[in-house]
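Below you'll find the structure, written out as structure tokens, and then a few comments.
Convention: sequence-line order gives letters A, B, ...; per-chain numbering from 1. Just so you know, these numbers use all the heavy atoms, side chains as well, and skip hydrogens, waters and symmetry mates.
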2 protein chains.
Amino acid sequence: MPKTPPRTTSSPRPAKSELDHSRLSHLLGFQTSLAHVKLQKAFFSSMKDLDLRPVEFAILVLLAYNDKANQQNLCRSLSLSAPRLALVLDRLQERGLLSRERSDTDRRAHHVVLTAEGRRLALEAERLSHGMEEDILAPLSQGERQILGELLAKIVRGARA
Amino acid sequence: MPKTPPRTTSSPRPAKSELDHSRLSHLLGFQTSLAHVKLQKAFFSSMKDLDLRPVEFAILVLLAYNDKANQQNLCRSLSLSAPRLALVLDRLQERGLLSRERSDTDRRAHHVVLTAEGRRLALEAERLSHGMEEDILAPLSQGERQILGELLAKIVRGARA
DNA sequence: TATTGTTATACTCTATAACTATA
DNA sequence: TATAGTTATAGAGTATAACAATA
């Protein structure tokens, strides 16, 4: 008979008609996935005027602060596959937000660079992004937000204890 | 000219050939999305023998600890759309892991109930899930893991400060 | 040979509307 | 009229293999 470990969170009783999650709540993957749904909604409602999806936003902001980024860099930074990135870049390029320029030092690689309009939009979007998650983070104090960000960053960075 | 707030994390210098993420790191949505990629990989490698995807796992475990769950309950608990849930349940039902039974009190609703095999698999999967994220969480102390889980749970629960 | 990037394909997930059967 | 669930469809995300050009 498999040992049943104690409940990890203390939810006195689930709200009426709702289900008891206590056997899932030990999984960070479960929590991050639900949190992510909320954060995505906030993102889309903030960015709808700029018509930017999360990946597109991230690419523009990365490019605004990184010269000479090639597609490999972007793939690794955003955990994207190369084919996926190529398609996203196609769309941004069609919108006139960036261009791909062959590197002189390694003619296999493309530097991805923002156009003037791309840079303008990147900065506008970055400005908008501050406060974007305010409603979602309302249950947390400023200190808690800080800690949460740092703990997640540690996981993303990975490795060693 | 838009104000450029200070960098939120202190990454002295990005590793060579990698990009500076400091203008994205203030966004929880960015961190959770990258963390989630890692957690997903860990999930699939742990669960591949049981052939369970994250949603399927979550449904089985919820059902193992909640009698009389209907599809609305499951949708709300897992942030799934009703059409999506119906498809996932179809697959689990075809595998003989659960059945849908019309409620006597409201004949529109279906109670979703595990078969004996479904319950066996649910408990097996739950057992496997402890330790599943160990490698990913290695950078965090036990206390940090606890805190991270609680902060995410607060966000998921939502509302009031 | 290995690497950068592209194309093509197939599968999963998500969102929506239209439908049925019950209430 | 509203709710529980289903079906169908289109869009977006992901994974993989095969390819061209360059190193």
Using whole Å, what does the distance between atom [atom2] of nucleotide [N] and atom [atom1] of [X] come to?
{"X": "B:Asp106", "N": "C:dA21", "atom1": "CG", "atom2": "C1'", "result": "11 Å"}
{"X": "A:Leu74", "N": "C:dT4", "atom1": "CG", "atom2": "P", "result": "13 Å"}
{"X": "B:Arg100", "N": "C:dA21", "atom1": "CZ", "atom2": "C1'", "result": "15 Å"}
{"X": "A:Arg84", "N": "C:dT9", "atom1": "CZ", "atom2": "P", "result": "18 Å"}
{"X": "B:Arg91", "N": "C:dC13", "atom1": "CZ", "atom2": "C1'", "result": "14 Å"}
{"X": "A:Lys41", "N": "C:dA15", "atom1": "NZ", "atom2": "P", "result": "7 Å"}
{"X": "B:Phe43", "N": "C:dT12", "atom1": "CZ", "atom2": "C1'", "result": "15 Å"}
{"X": "B:Leu85", "N": "C:dT12", "atom1": "CG", "atom2": "C1'", "result": "16 Å"}

> Under 3.5 Å, is there a donor-acceptor pair between the side chain of A:Glu150 and the main chain of A:Ile147?
Replying inline: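 Answer holds: no.
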>> Any carboxylate oxygen within less than 4.0 angstrom of a Lys/Arg side-chain nitrogen, looking at B:Arg100 and B:Asp90?
In response: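 So B:Arg100 pairs with B:Asp90 through a salt bridge.
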>> Using a 4.0 Å heavy-atom cut-off, does B:Ala109 contact any base of the nucleic acid, only the sugar-phosphate backbone, or nothing at all?
In response: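 If one applies the 4.0 Å heavy-atom cut-off, B:Ala109 turns out to touch the sugar-phosphate alone, with no base involved.
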Does either side chain, that of [X] or that of [Y], offer a donor lying less than 3.5 Å from an acceptor on the other one?
{"X": "B:Ser33", "Y": "A:His36", "result": "no"}
{"X": "A:Ser77", "Y": "B:His21", "result": "yes"}
{"X": "B:Gln142", "Y": "B:Gln146", "result": "no"}
{"X": "A:Ser99", "Y": "A:His111", "result": "no"}

>> Judged by each residue's nearest nucleotide on DNA chain C, which is more toward the 5′ side, B:Leu87 or A:Ala86?
In response: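 Whichever sits nearer the 5' end wins; that is A:Ala86.
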> Starting at the 5' end of DNA chain C, which residue's closest nucleotide do you reach first, B:Leu80 or B:Asp104?
Replying inline: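 Of the two residues, B:Leu80 wins.
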> Are any of B:Arg53's side-chain N or O atoms less than 4.0 Å away from OP1 or OP2 of C:dC13?
Replying inline: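 True: B:Arg53 side-chain N/O within range (under 4.0 Å) of C:dC13 OP1/OP2.
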> What is the 5' to 3' range of DNA chain D, first to last nucleotide, that sits under 4.0 Å from any heavy atom of chain A?
Replying inline: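 The footprint of chain A covers D:dA12 to D:dA23.
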>> Determine whether A:Arg95 and A:Asp51 satisfy the following criterion, side chain to side chain contact (heavy atoms under 4.5 Å, CB included), listing intermediate values before the conclusion.
In response: CA-CA 11 Å; A:Arg95 288 175 67 182; A:Asp51 188 24; 3.9 Å; yes
> Taking for each residue the nucleotide of DNA chain D bearing the nearest heavy atom, is the 5' side occupied by A:Phe44 or by A:Arg108?
Replying inline: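 The residue whose closest nucleotide sits nearer the 5' end is A:Phe44.
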